[in-house]
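Some notes on the structure that comes next.
In this text, all values refer to a predicted model and were calculated from it rather than measured experimentally.
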Amino acid sequence: MAKPNLNMYGRTAGSPDNAQGTHFFLINDTGTYFLRNLPPPQDGETAFSKERLMRRAGEAKVRILDRRLDVAEGKRDFPAYLDSNRFLSNLPGTTVLLPVVDLSRQYINGLMYLLTQPDGARPAIVDDRNFYRSAGVKRWVEKGFLNKDLKVPLGAIGSLRTQIEADLLLQNLFLAADAMGLGGWIHASISPPVLIGDPKFTKDYGSMLGFDVVTPRWRIMDLLRWHVPLPRFSNVRSNPIGLRYKGEYLIKGMSPPYYDLDGRCRTGCHHGQVWRQGSLCGQIIVLQDLQGQLR
């Protein structure tokens, strides 16, 4: 991290700072699949052939449901679907390609970029959801490592354009579908909170994809920070952080409970990744999807 060019993965679309935060799900009549990012072939062979492409496509697919993911009959209304999409999207005979973007790695990269600036240009990071108090960096400010007169709120870092990678990949999918003679369009299919299994919607729609979701513990100051009046309303701040299937982590945000605050991995880790304290945390966002259907 903070050295993204040391990890140069090839994809068919640009990625801001080579974040590579986009994961895809495929939904069709045969089931609901997670699409892995495959490593290069072990034999080093790169020549294309029909058989090789079909084999690689099979290796990339992880079937997480043996059916088309959708809400129950009679519930294809808001908040599950919006407007005319309830009549057109995710129907039998169609294929939906849904991008899910992990923002956590690039968010931490953004912080690291700020901390590598020259003396006097490293900002003091403040928490804009905690009355703009120091975001755990008071000691660095006191030692002069960060400039107390140059402040940056955590919220200003935002998604750092990480989601643009998914937009570019969707455009490529659209062009490929058109070249194959398929009708496809970019639109909003199942709404993201319903799709991932946000606890606010599981009573009506079930667990759906069944993402790991974190609901921050309610504190009295949340009355002012977040306008959350009582603990029973804490799930308005629920946040998806990852996805597990049969014990394997298919998507894993760089935050607790997966990692300790010092970056040590707690569960099934393959990379050194990081953290949350105060308002910094891993976040997964679900973007618009592409539905392709034969004309």
Acceptor/donor pairs from residues 202-217 side chains to any protein atom, 3.5 angstrom cut, sequence neighbours excluded:
from: Thr202; atom 1: OG1; to: Pro199; atom 2: O; distance (Å): 3.4
from: Asp212; atom 1: OD1; to: Arg244; atom 2: NE; distance (Å): 3.3
from: Asp212; atom 1: OD1; to: Arg244; atom 2: NH2; distance (Å): 3.0
from: Asp212; atom 1: OD2; to: Arg244; atom 2: NE; distance (Å): 2.9
from: Asp212; atom 1: OD2; to: Tyr258; atom 2: OH; distance (Å): 2.7
from: Thr215; atom 1: OG1; to: Ser238; atom 2: OG; distance (Å): 2.9

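- Thr22 places a side-chain heavy atom less than 4.5 Å from the side chain of Glu165.
- Note: Thr32 OG1 to Asp66 CG = 8.5 Å, rounded to the nearest 0.5 Å.
- By the 4.5 Å heavy-atom criterion applied to side chains, Pro99 and His23 are not counted as neighbours.
- For the pair Glu51 and Leu53, the minimum side-chain heavy-atom distance is 4.5 Å or more.
- The CD1 atom of Ile186 sits 7.0 Å away from the CZ atom of Phe174 when rounded to the nearest 0.5 Å.
- Using a 4.5 Å heavy-atom cutoff, the side chains of Phe25 and Ile64 are in contact.
- Looking at Asn147, its side chain does come within 3.5 Å of a backbone N or O of Gly120 through a donor-acceptor pair.
- By the side chain to side chain contact (heavy atoms under 4.5 Å, CB included) test, Leu115 is found to be paired with Met112, Trp140, Phe145, Leu146, residues two or more places apart in sequence or in another chain being considered.
- Note on residues 75-97: no pairs pass ring pair (Phe, Tyr, Trp, His ring centres under 6.0 Å), not counting sequence neighbours.
- Gln106 and Thr162 form no side-chain donor-acceptor contact under 3.5 Å, judged by distance and modelled atom types alone.
- Using a 4.5 Å heavy-atom cutoff, the side chains of Arg237 and Asp222 are in contact.
- The other members of the hydrophobic cluster of Tyr132, by chain and number, are Val126 (side-chain heavy atoms under 4.5 Å, ILVMFWY only).
- For the pair Arg76/Asp70, a side-chain contact is recorded, criterion being any heavy-atom separation below 4.5 Å from C-beta on.
- With sequence neighbours excluded, the residues that form a side chain to side chain contact (heavy atoms under 4.5 Å, CB included) with Ala156 are Val152, Pro153.
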Using the rule given for side-chain contact (heavy atoms from CB on, under 4.5 Å), can you reason through Ile251 versus Ile241, listing the C-alpha separation, both sets of side-chain angles and the distance that settles it, and then say yes or no? CA-CA 8 Å; Ile251 302 176; Ile241 60 171; over 6 Å; no

One pair to check against side-chain contact (heavy atoms from CB on, under 4.5 Å): Leu169 and Phe24. What are the steps and the verdict? CA-CA 10 Å; Leu169 288 166; Phe24 269 95; 3.8 Å; yes

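- Partners of Asp29 under the salt bridge (charged side-chain N to carboxylate O under 4.0 Å, His left out) rule, at least two apart in sequence or in another chain, are Arg68.
- Proximity of a side-chain donor or acceptor of Arg86 to a complementary backbone N or O of Asp83 within less than 3.5 Å is detected.
- Looking only at side-chain heavy atoms (C-beta outward), Leu97 and Leu35 come within less than 4.5 Å of each other.
- Using a distance-only test at 3.5 Å, with no hydrogens or angles considered, a donor-acceptor pair links the side chain of Ser104 to the main chain of Met254.
- Contact check for Met54 versus Ser49: no side-chain heavy atoms found under the 4.5 Å cut-off.
- Every residue meeting the side chain to side chain contact (heavy atoms under 4.5 Å, CB included) condition with Ile220, not counting sequence neighbours, appears here in chain and number order: Trp218, Leu223.
- Gln171 places no side-chain N or O within 3.5 Å of a backbone atom of Asp167 that could act as its donor or acceptor partner.
- Legend: residues meeting salt bridge (charged side-chain N to carboxylate O under 4.0 Å, His left out) with Arg219, ordered by chain and number and at least two apart, are absent.
- In this structure, CG on Asn90 lies 5.5 Å from CD1 on Ile27, to the nearest 0.5 angstrom.
- For Arg56, the salt bridge (charged side-chain N to carboxylate O under 4.0 Å, His left out) partners two or more places apart in sequence, or in a different chain, are Glu59.
- For the atom pair CG (Asn28) and CG (Leu69), the distance works out to 11.5 Å, reported to the nearest 0.5 Å.
- No single ILVMFWY cluster, assembled from side-chain heavy atoms under 4.5 Å apart, contains both Leu82 and Phe201.
- Scored by the salt bridge (charged side-chain N to carboxylate O under 4.0 Å, His left out) test, Arg63 finds no partners at all (sequence neighbours excluded).
- Every residue two or more places apart in sequence or in another chain was checked for a side-chain hydrogen bond (donor to acceptor under 3.5 Å, both in side chains) with Ser191, and none qualifies.
- Residues satisfying the side chain to side chain contact (heavy atoms under 4.5 Å, CB included) test with Glu142, not counting sequence neighbours, are Lys138.
- A donor-acceptor pair is defined here as one N or O able to donate and one able to accept, closer than 3.5 Å; such a pair exists between the side chain of Lys200 and the backbone of Asn235.
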Quick one: do Tyr107 and Leu154 satisfy side-chain contact (heavy atoms from CB on, under 4.5 Å)? Show the steps, please. CA-CA 10 Å; Tyr107 193 100; Leu154 285 171; 3.5 Å; yes

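- Atom OH in Tyr245 sits 12.5 Å away from atom CZ in Phe34 (nearest 0.5 Å).
- If you take CZ on Arg225 and CZ on Arg129, they are separated by 11.5 Å, rounding to the nearest 0.5 Å.
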